[in-house]
Amino acid sequence: MGTRHFLTLTDCTPAELKSIIQRAHELKQMQHKQVAHALFPEHVMAMIFEKSSTRTRVSFEAGMAQFGGHALFLSPNDTQLGRGEPVSDSARVISSMVDIIMIRTFGHERIEEFARYSSVPVINALTDQFHPCQLLADMQAYEEARGPVQGTSMAWVGDGNNMCHSYIKAAAQWDFELRIACPPGFEPDASLLEQYADRLMLTHSPEEAVDGANAVITDTWASMGQEEEKATREAAFAGFQVNHELMQKAASNAVFMHCLPAYRGYEVTSELLEDPQISIVWAEAENRLHAQKALIEFLLNQ
Ligand code: CP
Ligand code: NVA
């Protein structure tokens with residue numbers, strides 16, 4: 001097999017994903033107990049960010065430092081990629097100097113092209129289409145809070161965006177049902193809906209999606225790159241806010257999940273986000289560190 005990349009969740013088998021999450025649990029314990037785990041000394045990660053980030057940057061950079069390696073932050077303002085050097089050229093050059101690369105960008109085809117020309121593993125740290133690293137952290141967080149994900153029913157309420165697309169793939173990989181409630185016109189990608197139809201239910205009613213669900217998940221109504229659509233989206237998504245009233249319709253021990261950053265008063269109320277009995281958003285965020293370290297280890301050990 002050639003160089004392994006992690007561009008979407010289906011780049012790994014369900015068994016591989018399970019072992020990555022298992023390892024993430026171990027690495028979390030090690031981190032909390034301050035057990036040194038400098039497993040990759042002198043290894044270098046290039047982090048290419050064409051969009052903003054807090055969690056992704058801090059988790060990858062801290063993770064590489066904890067592994068005894070190093071991470072380079074590369075923004076389009078300071079690199080030739082930002083001045084139009086072809087992706088294929090940048091990929092060949094950067095991958096000749098580092099051990100692993102993560103990219104946050106716009107079009108998914110950009111990361112696919114980068115990966116084709118890269119001689120080292122490439123990790124998708126968010127594209128317009130997918131956000132697989134967040135799903136590793138989310139699955140770890142759900143397991144910690146409520147046990148196995150397999151066989152559960154999860155409800156996605158909101159935009160059919162990159163996070164929703166990764167939840168669709170997660171439903172197949174972790175074997176759960178995903179019920180998606182979006183306003184008309186904001187449904188996820190039609191080809192994904194068709195491909196994973198056996199796992200999915202699509203509705204325009206948040207109440208219908210949430211009914212009896214084990215987890216209710218949402219995300220911002222306007223993703224990065226959609227800033228100009230903010231006002232029209234706010235109007236379209238009225239009625240799709242996740243709050244305590246909606247959570248009443250879910251299973252009695254259901255959790256609330258959000259990849260963050262959250263916009264309180266829009267897709268979620270402040271009260272729900274801050275409710276420690278229901279909201280597991282801080283664990284999702286922290287687990288970015290542990291899950292991605294497990295992913296890096298998996299890719300570097302191929
Ligand atoms: N959830 C997430 O990816 O957050 P950042 O945009 O802060 O990296
Ligand atoms: N859907 C959001 C996720 C941010 C982590 C975005 O793409 O902006």
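For reference, positions follow the sequence shown, starting with 1. Both counts, for ligands and for their atoms, begin at 1 and track the order of listing.
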*Asks:* Looking only at atom types and distance, does a side-chain atom of Ser166 sit under 3.5 Å from a main-chain N or O of His131, one as donor and one as acceptor?
*Replies:*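 A pair under 3.5 Å: yes.
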
*Asks:* Please list, by chain and number, the protein residues whose heavy atoms come under 4.0 Å of ligand 1.
*Replies:* Ser53, Thr54, Arg55, Thr56, Arg104, His131, Gln134, Cys259, Leu260, Arg288

*Asks:* Minimum heavy-atom separation for His5 and Ala115, please, with both atom names.
*Replies:* NE2-O, 3.2 Å

*Asks:* Below 4.0 angstrom, N of the basic side chain to O of the carboxylate: do Glu26 and Arg23 qualify?
*Replies:*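 Yes, Glu26 and Arg23 are salt-bridged.
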
*Asks:* Quick one: do Phe60 and Met45 satisfy side chain to side chain contact (heavy atoms under 4.5 Å, CB included)? Show the steps, please.
*Replies:* CA-CA 9 Å; Phe60 274 113; Met45 167 179 271; 3.6 Å; yes

*Asks:* Should the pair Arg57 and Phe73 be classed as cation-pi, given the thresholds of under 6.0 Å to the six-membered ring centre and 45° from the axis?
*Replies:*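 Yes, a cation-pi geometry.
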
*Asks:* With sequence neighbours excluded, what pairs up with Thr220 under the side-chain hydrogen bond (donor to acceptor under 3.5 Å, both in side chains) test?
*Replies:*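 Testing Thr220 for side-chain hydrogen bond (donor to acceptor under 3.5 Å, both in side chains), a comparison that skips the adjacent residues, returns none.
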
*Asks:* Passes side chain to side chain contact (heavy atoms under 4.5 Å, CB included), Glu50 versus Leu81? Steps please.
*Replies:* CA-CA 10 Å; Glu50 298 185 330; Leu81 247 182; 4.2 Å; yes

*Asks:* Which donor-acceptor pairs under 3.5 Å do the side chains of residues 120-128 make with protein atoms, sequence neighbours left out?
*Replies:*
from: Asn124; atom 1: OD1; to: Leu126; atom 2: N; distance (Å): 2.7
from: Asn124; atom 1: OD1; to: Thr127; atom 2: N; distance (Å): 3.4
from: Asn124; atom 1: ND2; to: Leu7; atom 2: O; distance (Å): 2.9
from: Thr127; atom 1: OG1; to: His108; atom 2: ND1; distance (Å): 3.0
from: Thr127; atom 1: OG1; to: Gln129; atom 2: N; distance (Å): 3.2
from: Thr127; atom 1: OG1; to: Phe130; atom 2: N; distance (Å): 3.1
from: Thr127; atom 1: OG1; to: Phe130; atom 2: O; distance (Å): 3.4
from: Asp128; atom 1: OD1; to: Lys51; atom 2: NZ; distance (Å): 2.6

*Asks:* Determine whether a donor-acceptor pair (N or O, by modelled atom type, separation under 3.5 Å) exists between the side chain of Glu274 and the backbone of Leu272.
*Replies:*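 Such a contact is absent between Glu274 side chain and Leu272 backbone.
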
*Asks:* In a simple table, one pair per line, please give the protein and ligand 2 atom names for every N or O pair closer than 3.5 Å, along with the distance.
*Replies:*
from: ligand 2; atom 1: 1 (N); to: Asn161; atom 2: ND2; distance (Å): 3.4
from: ligand 2; atom 1: 1 (N); to: Asn162; atom 2: OD1; distance (Å): 2.9
from: ligand 2; atom 1: 1 (N); to: Asp219; atom 2: OD2; distance (Å): 2.7
from: ligand 2; atom 1: 1 (N); to: Ser223; atom 2: OG; distance (Å): 2.7
from: ligand 2; atom 1: 7 (O); to: Asn162; atom 2: ND2; distance (Å): 2.8
from: ligand 2; atom 1: 7 (O); to: Ser223; atom 2: OG; distance (Å): 3.4
from: ligand 2; atom 1: 8 (O); to: Met224; atom 2: N; distance (Å): 2.8

